[in-house]
Each structure stands twice: as C-alpha cells, then as structure tokens.
Number of protein chains: 2
Amino acid sequence: MDNTDRMIIKELQDNGRMKMKELGERVHLTGQAAASSRVQKLEDEGIIESYTIRVNEKKMGYPVHCFLTIITDSLHHQPYFAFLETKQEYVRNNYKISGEGCYLLECRFPSNEELDGFLVQLNKHVSYKLSIVIRE
Amino acid sequence: MDNTDRMIIKELQDNGRMKMKELGERVHLTGQAAASSRVQKLEDEGIIESYTIRVNEKKMGYPVHCFLTIITDSLHHQPYFAFLETKQEYVRNNYKISGEGCYLLECRFPSNEELDGFLVQLNKHVSYKLSIVIRE
DNA sequence: ACGATTTACTTGATTCTTGAAAGGATTGTG
DNA sequence: CACAATCCTTTCAAGAATCAAGTAAATCGT
C-alpha cells in the first residue's frame, strides 16, 4: 500500500469505470498492465471491496432522507431486525452505536406520508428520535 | 424508467464494472448495444450520478467510525465549515438536519487518540453529542 | 559486498469489449 | 393504413484487456 496505490484508489473513487490505460497514465505507469495488476492486488487484499454506482435517490423516487436514533429498553432486538427486513426498500443503513440510543438507522422514503406510516409501525417495537436531512 | 432500467441499476450497484454484454444478458437484452444505450440514457438523465468503488476503511487505516450530532447556538456556522475544510481527511458526510442538533457529522479516524484530538478542536466552535459505531 | 531471489514494471501478441451504423420490430398517431 | 418514433438487434472496425516473456529494481541471506 504505497502512494501509487492511494492515487489509484482516489482515481477509482472518482471514476470506478476508468480504463486501465487512463488510470495507468494518471498515476504515472506506462501501459495498462501495471495499473491492472495493482488494481487486482487491491481487490485480492480486500481494500477495494466492490465497484458500484452513485444513484440519485431523489430522481429514483426517494427524496425524503432521515436518520433515526433507535432507543429500546428490551433486551430482545430480534423483532426490530425482523421489522427492518420487511422494510428493506426504505432502509439504507443500520449502525449499532454507543452513545445515545442503540442503533442509528438511515432511511429513504418517497414522501412524508410513507415516512409516517413507517414510524407508526416502528413504534410498535422501539422508541426513536427523528432527524430529517435538509441538505446532504 | 421502466423495470429493465431498475434491473440495470441494481446490477450496476452490485458490480459497477460489469461488461455491457453481461449486463445485457442479465436484463434479457441481446448484445451490448441495447444495454449500453440504456446506461447512457440513465447517465444523461442524472439517475446514475457516477461510478465509484467501496473501500475497506478499516484496511485503509480508518477503523474508528462515528457520528456527531452538532449543536450550536451561534448564528454563524462559517467557522464550523472552515474547520471541517481543514479536516477533510476525517470527514465523510455533513448532513444539515432538523430535529436534535443542526448537523449530523459522519467521520472516520485512525484511532481514538485522533478522534479525541479532533473533538478538542471541534469543541472550540460547536457543541456535540458523540455516537461511535460498534457494527456497520 | 555479493549473488540469488523476489517483486514490480514494460513490451508485444492475442483475445475480448466497445461504439457506430444500418436495418427491423413494435407502438402510437393522424 | 401509412407514417414517425422508439427501441432492439446485427455487424464490423477500433480500442482495451489479458496473457506471457523479458527486464530492471529491490530485498534477503551469507
């Protein structure tokens, strides 16, 4: 993991579909074979986990973005997890945290109505504090 | 934006470097040209914003992951923003939120020592509540 | 300090992918 | 029904990736 590797990662974060030829040029390697084998190594080591796309969630129909601090007294979190499984469409991340609350749940919704419906059902399993994202 | 487009997006989220030929086969289009032109359209419409990689932040040297609820009485948030600019290495997201606090700040650190150093300086500008991620 | 070994890079040949162009099928419209 | 528009398929040429071989540089043990 030298400086060239770090440059490669930066370039691929900006453009994950970059041609190996161009990537090589940008990090000062001649030909695509050298760049290609470094990328392969980064994949094998698990430093590059996967290739993906950034999607415009607003244009995809999920403009409402929020974080929920989940609070529960119950020792059994399974019903909460089971509930999340049924709402995969909305759930983006569920972080187990220390601090206030047990989980930080990141969600996306088509509208406030759908958010409200979600909250009503969520409240059967846990308590929460809601933070709505105004600007990313 | 029909069902094929949604399938394409799902496939590219899983593998952003997929060959157009394979993508075509997976969504039941013959040849790469049809898949390619649909992807081009999704890019032009801004639904696909960019191609990127998922990086293992732990292996990159940033194992400590936390969220900070930022609280400030001051009307001037500029010093806070200026501070964040100098700490880009650690900052992953800064969401403006409604609810408790003004911002939800997502950060990554090499160690708790660096986190502590960050908090000391942060505290000169704003108050915060800290949540450390135990499991992603 | 020396040669041996490993690692990383370059080069060139072959195979594969992409992009462009042309033609065909389907749908909607007057 | 004819026409236009849209989307898909096919084909082919240009460009990129993969593989193998050769070279240079760094590392290791003595």
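Protein chains get the first letters and strands the later ones, always in sequence-line order, with residue 1 at the start of each.
In this entry the distance linking CD of B:Gln40 with P of C:dG19 reads 8 Å, nearest Å. Between the CG atom of A:Asp44 and the P atom of C:dA8 there is a distance of 12 Å, rounded to whole Å. Following rounding to the nearest Å, A:Glu25 (CD) and C:dT10 (P) show an atom-to-atom distance of 12 Å. We find that CG of B:Asp5 is positioned 14 Å from C1' of D:dC8, with the value rounded to whole Å. One atom, NZ of B:Lys41, and another, P of C:dG19, lie 17 Å apart when rounded to the nearest Å. When the C1' atom of D:dT6 is taken as reference, atom CG of B:Asp2 falls 12 Å away, rounded to whole Å.
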Revision key, fill the gap. Protein-proximity profile, nucleotides 10-17 of chain D, B/S/- by nucleotide at the 4.0 Å heavy-atom cutoff, equals B-----SB
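Relative orientation of the B:Phe83 and B:Phe118 rings is tilted, given thresholds of 30° and 60° on the angle between their planes. Ring geometry for A:Tyr95 versus B:His65: interplanar angle over 60°, hence perpendicular rather than tilted (30 to 60°).
Axis deviation across the helix from C:dA1-D:dT30 to C:dG30-D:dC1 amounts to 40°, comparing end segments of five pairs, rounded to 10 degrees.
With sequence neighbours left out, B:Asn15 forms a side chain to side chain contact (heavy atoms under 4.5 Å, CB included) with A:Tyr51, B:Arg17, B:Met18.
With A:Asp2 contributing its side chain and A:Asp5 its backbone, the two residues share a donor-acceptor pair below 3.5 Å. Of the possible donor and acceptor atoms, one in the side chain of B:Lys59 sits under 3.5 Å from a partner among the backbone N and O of A:Glu45.
Partner A:Tyr62 forms a side-chain hydrogen bond (donor to acceptor under 3.5 Å, both in side chains) with one of A:Arg92, A:Glu89, A:Glu114 and no other, that one being A:Glu89.
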Review point. Where do A:Lys129 and A:Glu100 land on the salt bridge (charged side-chain N to carboxylate O under 4.0 Å, His left out) test, with the steps shown first?
Key: CA-CA 10 Å; A:Lys129 285 191 184 175; A:Glu100 194 189 24; 2.5 Å; yes
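Two rings, from B:Phe81 and B:Tyr103, have their centers less than 6.0 Å apart.
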